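To start, the structure under review is shown below, and the notes come after it.
As the structure is a prediction and not an experimental result, all values here were calculated from the model.
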Amino acid sequence: MSRSFQVTFDARDPRALSSFWRDALGYVHPAPPGVVLSEGADPLAAWDDFLARIGVPEDQRNSKSAIEDPGGRGPRVFFQQVPEDKVAKNRVHLDIRSAPGLEGEERMAALEAESDRLVALGATRVRRDEPAPPLGAGHLVMTDPEGNEFCLD
């Protein structure tokens with residue numbers, strides 16, 4: 001039997017990092033417990049109101065954040081505040097499937113376009129690995145705004 005799971009990131013700024021990954025993955029910030037958001041409502045503002053209402057001190061309101069796949073297919077992604085900065089290469093990273101079914105230059109062009117979009121959101125491009133058949137289809141290595149590595153493939 002398979003298990004459900006969530007991916008957890010340590011972060012200096014959980015809200016900002018969750019917002020980057022929300023936009024990168026097409027996820028959403030969920031509403032607070034028991035809160036129904038109206039169309040177009042800002043879930044982060046709803047969280048601010050909720051946390052204030054339940055007595056969470058203001059200096060602790062950015063200690064956690066989460067995003068979810070609106071279609072319910074992908075894992076929940078959780079962000080928890082930690083005091084230390086990232087200092088070494090990730091042992092686990094996300095691969096964002098940005099060019100499914102594409103090959104060669106068409107694939108690399110799709111990856112480049114996605115890289116441009118993510119750089120505009122705050123990512124940093126690290127390198128391009130060219131296609132190397134038969135096993136390497138080509139990919140781009142990037143980092144999120146806090147330096148966590150991920151790949152576009």
Side-chain angles (χ1 to χ4, degrees), residues 1-51 54 61-82 86 89-153:
M1 169 176 31
S2 68
R3 304 269 190 252
S4 64
F5 67 95
Q6 79 177 5
V7 176
T8 300
F9 281 79
D10 289 347
R12 283 187 313 269
D13 185 346
R15 178 177 283 213
L17 196 57
S18 70
S19 294
F20 168 82
W21 282 105
R22 175 199 62 207
D23 295 344
L25 299 174
Y27 273 40
V28 297
H29 284 104
V35 174
V36 176
L37 296 176
S38 60
E39 183 77 26
D42 178 3
L44 294 176
W47 272 103
D48 287 339
D49 293 344
F50 174 81
L51 294 171
I54 65 170
R61 294 182 195 160
N62 188 27
S63 63
K64 298 171 179 49
S65 189
I67 57 173
E68 298 174 348
D69 178 352
R73 296 180 320 271
R76 181 175 189 257
V77 185
F78 183 73
F79 302 84
Q80 62 188 9
Q81 192 171 51
V82 296
K86 181 183 173 302
K89 185 180 184 317
N90 301 4
R91 295 293 302 233
V92 175
H93 68 266
L94 302 183
D95 288 343
I96 300 176
R97 305 285 185 191
S98 304
L102 301 179
E103 296 179 8
E105 284 307 311
E106 184 180 19
R107 172 186 173 76
M108 297 310 289
L111 297 179
E112 291 289 351
E114 182 65 358
S115 172
D116 291 345
R117 183 181 80 84
L118 296 176
V119 165
L121 294 174
T124 300
R125 183 180 165 137
V126 176
R127 74 172 188 274
R128 175 178 164 141
D129 288 349
E130 297 296 331
L135 297 178
H139 64 278
L140 301 179
V141 178
M142 303 190 69
T143 60
D144 71 16
E146 290 199 13
N148 300 298
E149 296 89 4
F150 67 95
C151 293
L152 298 180
D153 89 6

Discussion item. Let me confirm one number: the NZ-OG1 distance from Lys89 to Thr143, rounded to the nearest 0.5 Å.
Written reply: 11.5 Å

Discussion item. So if I apply the side-chain contact (heavy atoms from CB on, under 4.5 Å) rule between Asn62 and each of Asp48, Asp13, Leu51, which one comes out positive?
Written reply: Asp13

Worksheet item: How far does CZ of Arg127 sit from CG of Leu140, to the nearest 0.5 angstrom?
Response: 10.0 Å

Worksheet item: Taking the side chain from Arg125 and the backbone from Ser115, do they hold a donor-acceptor pair closer than 3.5 Å?
Response: no

Discussion item. The criterion is side chain to side chain donor-acceptor pair (under 3.5 Å); which residues satisfy it with Arg61, sequence neighbours excluded?
Written reply: none

Discussion item. Is the ring pair Phe150/Phe20 parallel, tilted or perpendicular, if the boundaries are 30 and 60 degrees?
Written reply: tilted

Worksheet entry | side chain to side chain contact (heavy atoms under 4.5 Å, CB included) evaluation trace for Val35 with Asp49 | CA-CA 10 Å; Val35 174; Asp49 293 344; over 6 Å; no

Worksheet item: Atom CD of Glu112 and atom CZ of Arg117: how far apart are they, to the nearest 0.5 Å?
Response: 14.5 Å

Worksheet entry | Rounded distance [0.5 Å steps], CG in Leu152 versus CG in Leu94 | 11.0 Å

Response to the item:
Smallest heavy-atom separation, Pro30 atom then Trp47 atom, equals O-NE1, 2.7 Å

Worksheet, complete the sentence: Closest non-hydrogen contact found for Ser19 with His29 is OG-CE1, 3.6 Å

Worksheet item: Nearest 0.5 Å, what's the CZ-NZ distance between Arg12 and Lys86?
Response: 10.5 Å

Worksheet item: Taking atom CD of Gln80 as the centre, does the number of heavy atoms from other residues, nucleotides or ligands within less than 6.0 Å exceed 12?
Response: yes

Response to the item:
On a heavy-atom basis, the closest approach of Glu146 and Ala11 is OE1-CA, 3.2 Å

Worksheet item: Would a distance-only check, ignoring hydrogens and angles, find a side-chain to backbone donor-acceptor pair under 3.5 Å from Tyr27 to Ala66?
Response: no

Discussion item. Could you tell me if the side chain of Leu102 sits less than 4.5 Å from the side chain of Met108, heavy atoms only?
Written reply: no

Worksheet entry | Verdict with reasoning, Glu114 to Arg97, per salt bridge (charged side-chain N to carboxylate O under 4.0 Å, His left out) | CA-CA 10 Å; Glu114 182 65 358; Arg97 305 285 185 191; over 6 Å; no

Worksheet item: Would you say Glu149 and Val126 make side-chain contact, with heavy atoms under 4.5 Å?
Response: no

Worksheet item: Rounded to the nearest 0.5 Å, how far apart are CZ of Arg128 and CG of Leu111?
Response: 8.0 Å

